[in-house]
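We count ligands from 1, going down the list as the structure has it; atoms in each ligand are counted the same way. Model, not experiment: these values are computed from the prediction. All values below were derived from every heavy atom in this structure, side-chain atoms included, with hydrogens, water molecules and symmetry-related copies excluded.
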Amino acid sequence: MSDDPNSKTCPSAPLSEGATLIGALGADGHVHHFKTPMIADADFVTKAEAKGGAERHLRFASKCETSGCKQWTGTKCGIIESVLEDLKAPDAPPVADDLPPCVIRASCRWFAQRGEAACRACHLVVTDTREMAHS
Ligand code: SF4
């Protein structure tokens, strides 16, 4: 997404024009990652906004805004830290045995931060409900 090695991609971004569609929520309640990226163009965004709630069933990726995002702790993304902390609970859902296919791994903020542990938990994160899931 950028030639800047310090520039990372947010794997749980809101719908926006130019965002990369990286996965969709399946009937099993888990995110299924796509093997081929799709870019949300203006037409897609217009239709998705009219329908509403895109982030409840789709995962989008776009540039990590670091300090421009309320989830940024000052040094890292707080979302994946919360997810991995929650998964220590005895009743937490199981993480994936294998890494999912992923079209943004090379630049993913969560992968850069927590490596394979982030990928094994990634299918459990639904963008629009992530804060509820962490509370
Ligand atoms: S955490 Fe792993 S699987 Fe999830 S978006 Fe990042 S690189 Fe892909």
Side-chain angles (χ1 to χ4, degrees):
M1 294 210 166
S2 166
D3 291 337
D4 179 355
N6 295 317
S7 178
K8 297 294 179 203
T9 303
C10 167
S12 189
L15 168 69
S16 67
E17 186 175 345
T20 305
L21 192 51
I22 63 169
L25 196 66
D28 58 0
H30 294 163
V31 172
H32 294 260
H33 292 74
F34 297 155
K35 292 180 180 165
T36 306
M38 190 188 108
I39 304 300
D41 61 14
D43 186 51
F44 180 95
V45 171
T46 299
K47 287 175 179 163
E49 284 180 344
K51 206 171 168 187
E55 293 90 346
R56 289 183 186 277
H57 58 96
L58 296 171
R59 282 271 301 278
F60 298 97
S62 60
K63 185 178 183 302
C64 171
E65 301 293 342
T66 61
S67 56
C69 175
K70 66 179 181 178
Q71 308 294 351
W72 188 249
T73 68
T75 56
K76 56 192 171 184
C77 174
I79 291 289
I80 191 59
E81 299 299 327
S82 292
V83 168
L84 295 180
E85 189 61 31
D86 287 354
L87 287 173
K88 292 178 182 171
D91 59 347
V95 298
D97 290 335
D98 301 313
L99 299 197
C102 182
V103 295
I104 63 159
R105 189 163 285 131
S107 65
C108 177
R109 169 65 65 192
W110 293 356
F111 182 70
Q113 202 168 300
R114 297 302 297 263
E116 293 188 2
C119 298
R120 293 184 200 283
C122 193
H123 68 292
L124 301 169
V125 181
V126 177
T127 301
D128 206 37
T129 57
R130 63 191 180 190
E131 291 187 61
M132 272 169 28
H134 302 169
S135 60

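The nearest heavy-atom contact from the protein to atom 4 (Fe) of ligand 1 is Cys122 SG, 2.3 Å. Atom 2 (Fe) of ligand 1 has Cys119 SG, 2.3 Å as its closest protein atom, hydrogens excluded (heavy atom only).
Side-chain atoms of Arg59 come within 3.5 Å of backbone atoms of Val125 as a donor-acceptor pair (strictly under, hydrogens ignored).
When all heavy atoms are compared, the tightest approach of Ala92 to Asp86 is CB-O, 3.7 Å. In this structure, Val83 and Ala121 approach most closely via the heavy-atom pair CG1-CB, 4.1 Å. When every heavy atom of Leu87 is checked against every heavy atom of Pro93, the shortest pair comes out as CD2-O, 3.5 Å.
Contact annotation: for Ile104 versus ligand 1, heavy atoms closer than 4.0 Å belong to the side chain alone. Neither the backbone nor the side chain of Arg109 comes within 4.0 Å of ligand 1, counting heavy atoms alone.
Around atom 7 (S) of ligand 1, the closest heavy atom drawn from Cys108, Ala96, Pro11 belongs to Cys108.
Every atom of ligand 1 is numbered from 1 in the order shown, and the set under 4.0 Å from a heavy atom of Pro100 is 3 (S). Within ligand 1, the atoms closer than 4.0 Å to a non-hydrogen atom of Phe111 are 7 (S), numbered from 1 in the order shown.
Among the backbone and side-chain atoms of Cys102, none of the N, O or S atoms lies under 2.8 Å from atom 6 (Fe) of ligand 1.
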_Stepwise side-chain contact (heavy atoms from CB on, under 4.5 Å) check, Met38 with Thr20_ = CA-CA 6 Å; Met38 190 188 108; Thr20 305; over 6 Å; no

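By the 4.5 Å heavy-atom criterion applied to side chains, Cys10 and Glu65 are not counted as neighbours.
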